[in-house]
Amino acid sequence: MTQTVFRSFGGLLLMVLCGLLNPVSAQQLSAAIRLNQIGFYPNAPKTAVILAEKSMSFEIKDAGTGKVVFKGKPAGPRTNQHSGKMSFIADFTGFKKSGKYVIEVPGLGRSAEFEIGEKIHREVAQAALKGFYYQRASIDLPEKFAGKWARPAGHPDDKILIHASAVSESRPENSVISSPRGWYDAGDYNKYVVNSGITMGTLLSLYEDFPSYFENFNTNIPESNNGVPDLLDEAIWNLRWMLTMQDPADGGVYHKLTNPRFDGMVMPDAAKNPRYVVQKNTIATLDFVAVTAQSGRILKAFENKFPGLSDSCITAAVKGWEWAKKNPSVTYNQEEMNKKFDPDVVTGAYGDRSSSDEWIWAAAEMYALTSKTDYLKDVSFETEKPLPLPTWSQVKTLGYYTIARFSEDLKIEKQFSQPIRQNIVKFSDDLLTDLEKQPYHTVMGKTAKDYSWGSSSVAANQGIALIYAFKLTNDRKYLLAALGNLDYLLGRNATGYCFLTGFGSKRVMHPHHRPSIADGIADPVPGLLSGGPNPAQQDKCTTYTSKIADESFTDDDCSYASNEIAINWNAPMVYLSAAIEALMEKK
């Protein structure tokens with residue numbers, strides 16, 4: 001009996017000595033403490049949210065020793081405008097020592113471990129960009145680059161059929177073209193020009209805004225260390241596909257490359273259904289023009305690495321612009337198309353009834369490329385209207401960002417560029433209004449409208465707007481608010497989830513993403529941004545636990561409305577996390 005007690009005590013002592021059992025790890029994890037689950041910069045705000053009915057003190061403890069290193073009293077209460085729940089703000093900005101810590105609230109429990117350190121979000125930014133590699137079509141993903149998510153190539157896309165809606169004199173129905181490469185759009189395996197447009201525009205703008213940061217930003221892709229930033233190498237994989245979507249005879253651009261119907265939940269190499277390109281239209285063509293103009297501008301500096309690619313992009317942009325001028329109002333209406341042509345196509349429509357925003361974006365990129373004011377004629381930049389966040393169907397703000405970026409270089413007249421700059425700052429000021437009243441101390445979520453389909457990208461795109469306001473004014477309040485939205489995406493939110501796969505203590509494990517479902521691996525493909533709360537719940541999944549706007553999320557692969565991934569959501573996540581890293585390095 002004595003020996004048994006001694007052995008038990010000895011085992012307990014050994015666990016303590018090894019750090020396996022200490023006062024910190026013995027405390028219960030509390031779901032009521034919400035914070036960025038990755039961590040914080042030493043010299044930036046550090047905020048956690050405590051969900052409670054009354055205020056109580058909090059402590060920061062060293063994760064290894066359990067030693068209390070900071071004590072505080074949270075501010076509040078704040079009342080959540082969506083749920084009515086009470087929250088308190090635990091601010092420990094004054095604690096700056098690098099290390100690993102937990103927050104403990106007596107009587108409530110502790111948070112998961114987080115870190116304070118420099119370059120705290122670099123791995124997040126790298127993973128979000130690497131997420132695009134995992135979405136590549138037409139190429140094997142070997143273990144050297146893809147780890148346990150290695151897979152055979154899917155969709156060579158070298159025998160793509162011309163749909164009846166897309167015929168031209170030189171390309172009759174069911175004739176065959178080659179259209180390889182590109183990224184799978186979302187949880188499905190189709191490739192859409194419109195959604196590629198905003199995605200490419202966001203990634204290319206990130207490079208133009210922070211070129212030096214990406215000189216040493218390695219994501220372990222096959223092209224790494226080739227003398228070209230990995231950000232551009234990844235974008236070029238999709239660019240080369242987009243160039244095949246232009247009809248060389250007339251310059252018009254096909255809407256998408258798609259199966260007639262979505263594939264089942266199978267791996268890419270098991271998806272064998274025929275694929276088509278469908279109807280050319282104005283909006284897809286203008287998105288293409290903007291992307292190829294911006295690409296042509298950037299790739300001039302890499303002529304030795306990609307001979308002729310810049311010129312090819314510029315030629316394609318001009319040809320696309322000319323087609324759009326001749327065909328200014330051709331819209332893509334999938335339902336109407338299916339009444340006229342077979343086979344019916346029922347994959348993502350990406351239908352858009354207004355091309356005014358695409359004209360703004362394309363004109364801005366062509367002007368920035370050529371300095372020719374002719375491209376600005378007959379295009380209203382609509383600066384008297386409130387700035388809209390970029391979405392696939394509303395891209396004019398991408399044009400605004402480009403004009404703001406080049407307003408000095410191009411000697412743009414102030415009466416033209418100044419209203420655009422003011423519009424960006426005004427939008428950001430509106431975001432900051434009443435920040436001190438928000439339950440999670442983020443500009444994200446002030447209204448229920450923020451929780452639309454893909455609400456995570458709303459948070460990321462708000463952050464990008466704030467970063468532009470910071471670059472225009474050098475007022476740090478905008479940068480810190482952008483950082484607050486990154487905190488939101490990484491765990492300081494009403495669901496408690498970190499929305500980037502592969503990261504956080506409460507992780508998204510079951511995204512609506514075919515490879516993550518079909519590959520037999522427990523962990524989902526990493527670096528993919530989940531769509532986030534969406535109270536509309538269009539998928540009719542039965543596992544939602546709430547219809548409250550900021551809580552309406554389920555980590556279930558049936559939930560394409562709240563838990564799908566998409567390239568146009570990942571791109572602003574890359575921008576936000578990488579831009580904050582670049583700017584924090586300078587401070």
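Because only heavy atoms are used, hydrogens play no part in the values below, and waters and symmetry mates are left out as well, while side chains stay in. This structure is a prediction, so every number in the text was calculated from the model and none was measured.
Between the CZ atom in Arg34 and the CG atom in Leu51 there is a gap of 5.0 Å [rounded to 0.5 Å]. Atom CZ of Arg297 sits about 8.5 Å away from atom CG of Leu204, to the nearest 0.5 Å. Considering OG of Ser577 and CG of Leu483, their distance stands at 11.5 Å, rounded to 0.5 Å. The distance from atom CG of Asp557 to atom OG of Ser516, rounded to the nearest 0.5 Å, is 9.5 Å.
Between the side chains of Ser30 and Arg110, no donor N or O sits under 3.5 Å from an acceptor N or O. Inspection of the Asn80 and Asp550 side chains reveals an N or O donor paired with an N or O acceptor under 3.5 Å. Side-chain atoms of Asp287 and Tyr350 include no donor-acceptor pair closer than 3.5 Å. No hydrogens or angles considered: nothing links the side chains of Gln37 and Glu113 as a donor-acceptor pair under 3.5 Å. Side chains of Asp230 and Thr219: a donor-acceptor N/O pair is present below 3.5 angstrom, by distance only. Side-chain contact, Gln294 with Thr402: no donor N or O sits under 3.5 Å from an acceptor N or O. Donor-acceptor pairing under 3.5 Å is recorded for the side chains of Gln334 and Lys256.
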* To do: Take Asp209 and Arg405 through the salt bridge (Lys or Arg N to Asp or Glu O under 4.0 Å) test and state the conclusion after the steps.
  => CA-CA 8 Å; Asp209 288 331; Arg405 185 182 311 125; 2.7 Å; yes
* Asked: side chain to side chain donor-acceptor pair (under 3.5 Å) between Asn195 and Asn568: does it pass, once the steps are laid out?
  -> CA-CA 6 Å; Asn195 214 37; Asn568 63 311; 2.9 Å; yes
* Ser456 vs Leu489, side-chain contact (heavy atoms from CB on, under 4.5 Å): CA-CA, chis, key distance, verdict -> CA-CA 7 Å; Ser456 292; Leu489 290 166; 3.7 Å; yes
* For Asn333 and Thr331, run side chain to side chain donor-acceptor pair (under 3.5 Å): C-alpha distance rounded to whole Å, both residues' side-chain angles, the deciding distance at 0.1 Å, then the answer. => CA-CA 6 Å; Asn333 185 321; Thr331 57; over 6 Å; no
* Derivation and outcome, side-chain contact (heavy atoms from CB on, under 4.5 Å), residues Thr433 and Lys446 -> CA-CA 9 Å; Thr433 301; Lys446 279 202 295 186; 3.9 Å; yes
* To do: Please test Arg78 against Glu436 for salt bridge (Lys or Arg N to Asp or Glu O under 4.0 Å), starting from the C-alpha separation and ending with a verdict.
  => CA-CA 9 Å; Arg78 298 184 184 184; Glu436 67 282 353; over 6 Å; no
* Asp352 vs Ser393, side chain to side chain donor-acceptor pair (under 3.5 Å): CA-CA, chis, key distance, verdict -> CA-CA 6 Å; Asp352 186 355; Ser393 60; 5.2 Å; no
* Take Tyr575 and Leu203 through the test side-chain contact (heavy atoms from CB on, under 4.5 Å) and record every step on the way to the result. => CA-CA 7 Å; Tyr575 190 114; Leu203 294 177; over 6 Å; no
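Between Lys97 and Val69, every side-chain heavy-atom pair lies at or beyond the 4.5 Å cut-off. Taking the side chain as every heavy atom from C-beta outward, Leu472 and Ile424 approach each other to under 4.5 Å. Two residues are said to be in side-chain contact when any heavy atoms from C-beta on lie closer than 4.5 Å; Glu408 and Ser417 fail this criterion. Lys547 places a side-chain heavy atom less than 4.5 Å from the side chain of Gln537. Side chains of Phe553 and Ser530 form a contact here, defined as non-hydrogen atoms less than 4.5 Å apart. The side-chain heavy atoms of Asn36 and Arg492, taken from C-beta on, include no pair separated by under 4.5 Å. Counting heavy atoms from C-beta outward, Phe503 and Val508 have side chains that stay 4.5 Å or more apart. Residues Asp450 and Gln462 meet the side-chain proximity criterion, which asks for heavy atoms closer than 4.5 Å.
Note: Tyr560 and His512 have perpendicular aromatic rings, judged against thresholds of 30 and 60 degrees for the angle between ring planes. Using cut-offs of 30° and 60° for the angle between ring planes, the Phe132 and Trp183 rings count as tilted.
Judged by a 6.0 Å distance limit and a 45° cone about the ring axis, Lys471 is not positioned over the six-membered ring of Tyr478. Taking the ring axis of Tyr497 as reference, the NZ or CZ atom of Lys506 stays within 45° of it and closer than 6.0 Å to the ring centre.
The neighbour count for Gln394 CD, taken as heavy atoms of other residues, nucleotides or ligands under 6.0 Å away, is above 12. Within a 6.0 Å sphere centred on NZ of Lys85, heavy atoms belonging to other residues, nucleotides or ligands number 12 at most. Counted within 6.0 Å of CD on Glu384, heavy atoms from surrounding residues, nucleotides or ligands total more than 12; the atom is thus considered enclosed.
The main-chain N or O of Gly454 is found under 3.5 Å from a side-chain atom of Ser457 such that the two form a donor-acceptor pair. No side-chain donor-acceptor contact under 3.5 Å links Lys385 to the backbone of Phe381. The backbone N or O of His121 lies less than 3.5 Å from a partner atom in the side chain of Glu581, making a donor-acceptor pair. A donor-acceptor contact shorter than 3.5 Å links the side chain of Asn570 to the backbone of Leu529. Of the possible donor and acceptor atoms, one in the side chain of His255 sits under 3.5 Å from a partner among the backbone N and O of Ala349. Using modelled atom types, one side-chain atom of Asn563 and one backbone atom of His510 make a donor-acceptor pair closer than 3.5 Å. The backbone N or O of Asp556 sits nowhere less than 3.5 Å from a side-chain atom of Ser559 that would complete a donor-acceptor pair. No donor-acceptor pair closer than 3.5 Å links the side chain of Ser562 to the backbone N or O of Pro533. Panel note: side chain Asn485, backbone Met444; a donor-acceptor pair is recorded below 3.5 Å. Under the 3.5 Å distance criterion, the side-chain polar atoms of Asn461 are left unmatched by any main-chain donor or acceptor of Leu389.
Between Ile60 and Ile103, the shortest heavy-atom contact is CD1-CG1, 3.4 Å. Heavy-atom minimum distance, Ala44 versus Met584: CB-CE, 4.1 Å. Closest approach of Leu206 to Val574, counting heavy atoms only: CD2-CG1, 3.7 Å. Residues Pro106 and Ser57 share a closest heavy-atom pair of CD-O, 3.4 Å. Nearest heavy atoms, Gly182 versus Asn238: CA-OD1, 3.3 Å. The heavy-atom pair separating Tyr41 from Ile116 by the smallest distance is C-CG2, 4.3 Å.
Ion pairing of Lys426 with Asp429 is absent here, as no side-chain N (NZ or NE/NH1/NH2) approaches a carboxylate O to less than 4.0 Å. Taking a cutoff of 4.0 Å between a charged side-chain nitrogen and a carboxylate oxygen, Lys130 and Glu234 do not qualify as a salt bridge.
Between Phe214 and Phe210, the distance separating the two ring centers is not shorter than 6.0 angstrom. A ring-centre distance under 6.0 Å is not found for Phe92 and Phe95. Remark: aromatic rings of Tyr440 and Phe88 are distant, center separation not under 6.0 Å.
The ring pair (Phe, Tyr, Trp, His ring centres under 6.0 Å) with Tyr401 is formed by just one residue from the set Phe406, Trp361, Tyr468; it is Tyr468.
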